[in-house]
Amino acid sequence: MKPYDALPEPDPYAASRDAFERLISTLADGPAANMSHDELEVQLEQLGRELLRQLMQNHLDQRARKEEVTLRADGGLPLVIGPEGQPRTWRERGHRRLLTCVFGPVRVTRIAYRGRGEANVHPADAQLSLPAGRHSRGLAKLAVREAVRGSFDQAAAAIERRCGKVLGKRRLKELVVASAIDIAAFYAAKIPTPCTREMPLIIQVDGKGVVMRPEALREATRRAAARSAAAGRRGRLAPGEKPNRKRMATVACVFDVAAAPRRPHDIVHPPGGRSEARPPRQGPKAERKWCTASVIRSSDQVVADAFAQAAARDPQGLRDWIVLVDGARHQLDLIQNEAAAAASA
């Protein structure tokens with residue numbers, strides 16, 4: 001019997017190729033011929049983002065088809081166990097969920113493994129390492145990166161400029177809070193790297209004023225703010241001045257540093273400028289940093305945590321400890337108390 005001709009496999013990236021051809025057509029023969037360079041930048045940014053989103057969608061669809069092919073090849077008999085230890089004996093194709101990534105919204109299709117009275121299990125979700133919520137980890141990283149630079153409004157505007165309308169302000173706040181929730185556990189589980197006794201151990205303590213909402217101010221600051229408001233509008237403020245609107249956060253850092261001997265002219269420019277014959281020596285660089293900061297916990301607790309971290313790195317006190325502080329009287333007192341306690345331990 002003469003064999004039939006095998007039909008070619010459909011191109012899983014046909015839609016992406018069409019999107020790319022539309023982009024090329026827009027540039028070659030479309031209205032782009034009469035655009036200025038800034039209009040062309042905007043057009044390319046929008047079409048390029050849509051092309052990347054389509055590529056992401058086509059790849060997810062291709063993985064969904066491969067999952068179904070693998071299921072048929074195995075005879076439909078793979079045993080999937082749920083997190084509670086119960087097997088999922090039924091399989092149902094075509095389960096979909098939405099995922100919002102940095103390119104835009106995409107759809108994830110996968111097989112659901114089901115059991116009577118039990119929650120569905122989706123092995124494809126574990127393979128893709130999908131988040132519990134709708135927004136991708138890449139979008140969460142971008143939210144954190146933009147949020148630390150300014151306000152949430154500024155972060156939301158920056159993300160919209162880059163990714164389009166993919167993230168609202170409320171969800172932006174939730175992603176930032178969720179990303180920071182395990183910072184303390186991360187540092188608690190991190191084991192300090194052993195160092196030689198010749199490497200100095202640095203403790204740095206400082207304070208930072210943080211602008212707060214009125215209801216989050218300390219009682220004394222809140223009363224001072226109320227008195228200022230009752231007295232009426234005051235004169236023009238200096239840049240960065242925000243009286244009675246801040247709480248002081250205590251910031252501490254512990255790190256190791258390799259000794260870097262330098263000469264005076266390596267730090268201070270000599271008269272007439274530096275000579276190329278004597279290039280400046282590089283200064284010390286912090287290694288294995290441990291940082292903490294709190295606007296809620298007291299300064300003595302933060303300083304005690306910093307000294308506890310230093311003691312964990314040098315339990316026998318064999319290394320030189322150097323403390324950097326800007327001269328605040330209360331911080332100096334706390335540091336001297338902790339240093340005396342560490343010396344007597």
Return the set of residues passing salt bridge (Lys or Arg N to Asp or Glu O under 4.0 Å) with [X] (not counting sequence neighbours), or none when no residue passes.
X	answer
Glu92	Arg114
Arg170	none
Arg161	none
Asp38	none

Counting only heavy atoms from other residues, nucleotides and ligands, does the tally under 6.0 Å from [atom1] of [X] exceed 12?
X	atom1	result
Leu98	CG	yes
Gln282	CD	no
Arg65	CZ	yes
Arg288	CZ	yes

Just jot down the side chain to side chain donor-acceptor pair (under 3.5 Å) partners of [X], sequence neighbours excluded, or say none.
X	value
Gln309	Arg313
Asn337	none
Glu174	Arg171
Arg53	Glu50

Query raised in the report: What ring pair (Phe, Tyr, Trp, His ring centres under 6.0 Å) pairs are there with at least one residue in residues 117-139, not counting sequence neighbours?
Result: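 Qualifying pairs, neighbours excluded: His95-His122.
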
Report task. Using side chain to side chain contact (heavy atoms under 4.5 Å, CB included) as the criterion, list what pairs up with Arg297, not counting sequence neighbours. Result ->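 With neighbours one apart ignored, the set is Ser294, Gln301, Val302, Asp305.
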
What I'd like to find out is whether the side chain of [X] reaches to under 4.5 Å of the side chain of [Y], using heavy atoms alone.
X	Y	result
Arg93	Arg110	no
Arg263	Arg281	yes
Ser179	Lys141	no
Pro131	Leu99	yes
Val102	Ile159	no
Leu71	Ile111	yes
Pro83	Val121	yes
Thr109	Arg63	no

Please find the pair of heavy atoms, one from [X] and one from [Y], that lie closest to each other, and give the distance.
X	Y	result
Ala147	Val176	CB-CG2, 3.7 Å
Pro280	Asp266	CA-OD1, 3.3 Å
Cys163	Leu139	SG-CD1, 4.4 Å
Trp90	Gly115	CZ3-C, 3.9 Å
Ala158	Glu146	CB-OE1, 3.5 Å
Thr250	Ser299	OG1-OG, 2.8 Å

What distance separates [X] [atom1] from [Y] [atom2], expressed to the nearest 0.5 Å?
X	Y	atom1	atom2	result
Leu27	Arg22	CG	CZ	13.0 Å
Cys101	Leu142	SG	CG	11.5 Å
Lys285	Phe255	NZ	CZ	14.0 Å
Glu41	Gln43	CD	CD	12.0 Å
Thr100	Lys165	OG1	NZ	15.0 Å
Phe103	Ser136	CZ	OG	8.5 Å

Query raised in the report: Where the side chain of Gln154 meets the backbone of Arg149, is there a donor-acceptor pair that is under 3.5 Å apart?
Result: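 It does not hold such a pair.
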
Query - Side chain Arg134, main chain Pro105, donor-acceptor under 3.5 Å - result: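 Answer holds: no.
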
Report task. With side chain to side chain contact (heavy atoms under 4.5 Å, CB included) as the test, would you mind laying out the steps for Ile335 and Val303 before giving the verdict? Result -> CA-CA 7 Å; Ile335 290 171; Val303 173; 4.2 Å; yes

Is [X] linked to [Y] within one hydrophobic cluster, defined over Ile, Leu, Val, Met, Phe, Trp and Tyr using a side-chain heavy-atom separation of less than 4.5 Å?
X	Y	result
Leu130	Met56	yes
Leu167	Phe152	yes
Val254	Phe186	yes

Could you give the side-chain donor-acceptor pairs of residues 320-327 under 3.5 Å, partners two or more places apart or in another chain?
from	atom 1	to	atom 2	distance (Å)
Trp321	NE1	Asp314	OD2	3.0
Asp326	OD1	Ala328	N	3.3

Report task. Verify salt bridge (charged side-chain N to carboxylate O under 4.0 Å, His left out) between Arg49 and Glu45, making sure each step is shown before the conclusion. Result -> CA-CA 6 Å; Arg49 187 188 305 131; Glu45 184 180 14; 3.6 Å; yes

Report task. Not counting sequence neighbours, list each pair that qualifies as a salt bridge (charged side-chain N to carboxylate O under 4.0 Å, His left out) and has a residue in residues 332-345. Result ->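 Sorted result for residues 332-345: Arg329-Asp333.
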
**Report entry** Side-chain donor-acceptor contact under 3.5 Å, Arg137 with Ser129
**Finding:**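 Arg137 vs Ser129: donor-acceptor pair found between side chains.
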
Query raised in the report: Does a donor on one side chain and an acceptor on the other come within less than 3.5 Å for Gln54 and Tyr13?
Result: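 Judged by distance alone, the side chains do not pair up.
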
**Report entry** Candidate pair Val42 and Leu40, rule side chain to side chain contact (heavy atoms under 4.5 Å, CB included), full reasoning
**Finding:** CA-CA 5 Å; Val42 174; Leu40 189 59; over 6 Å; no

Query raised in the report: Does the pair Leu201 and Val257 meet the rule for a side chain to side chain contact (heavy atoms under 4.5 Å, CB included), with working shown?
Result: CA-CA 7 Å; Leu201 178 61; Val257 62; over 6 Å; no

Query raised in the report: Val166 and Glu160: side chain to side chain contact (heavy atoms under 4.5 Å, CB included), yes or no, with the steps?
Result: CA-CA 7 Å; Val166 296; Glu160 183 174 344; over 6 Å; no

Query raised in the report: Could you go step by step and tell me if Asp61 and Gln57 meet the side chain to side chain donor-acceptor pair (under 3.5 Å) rule?
Result: CA-CA 6 Å; Asp61 293 342; Gln57 183 63 69; 2.9 Å; yes

Query raised in the report: For Asp256 and Arg319, what are the C-alpha separation, side-chain angles and deciding distance, and is it a salt bridge (charged side-chain N to carboxylate O under 4.0 Å, His left out)?
Result: CA-CA 10 Å; Asp256 305 318; Arg319 300 167 60 186; 2.8 Å; yes

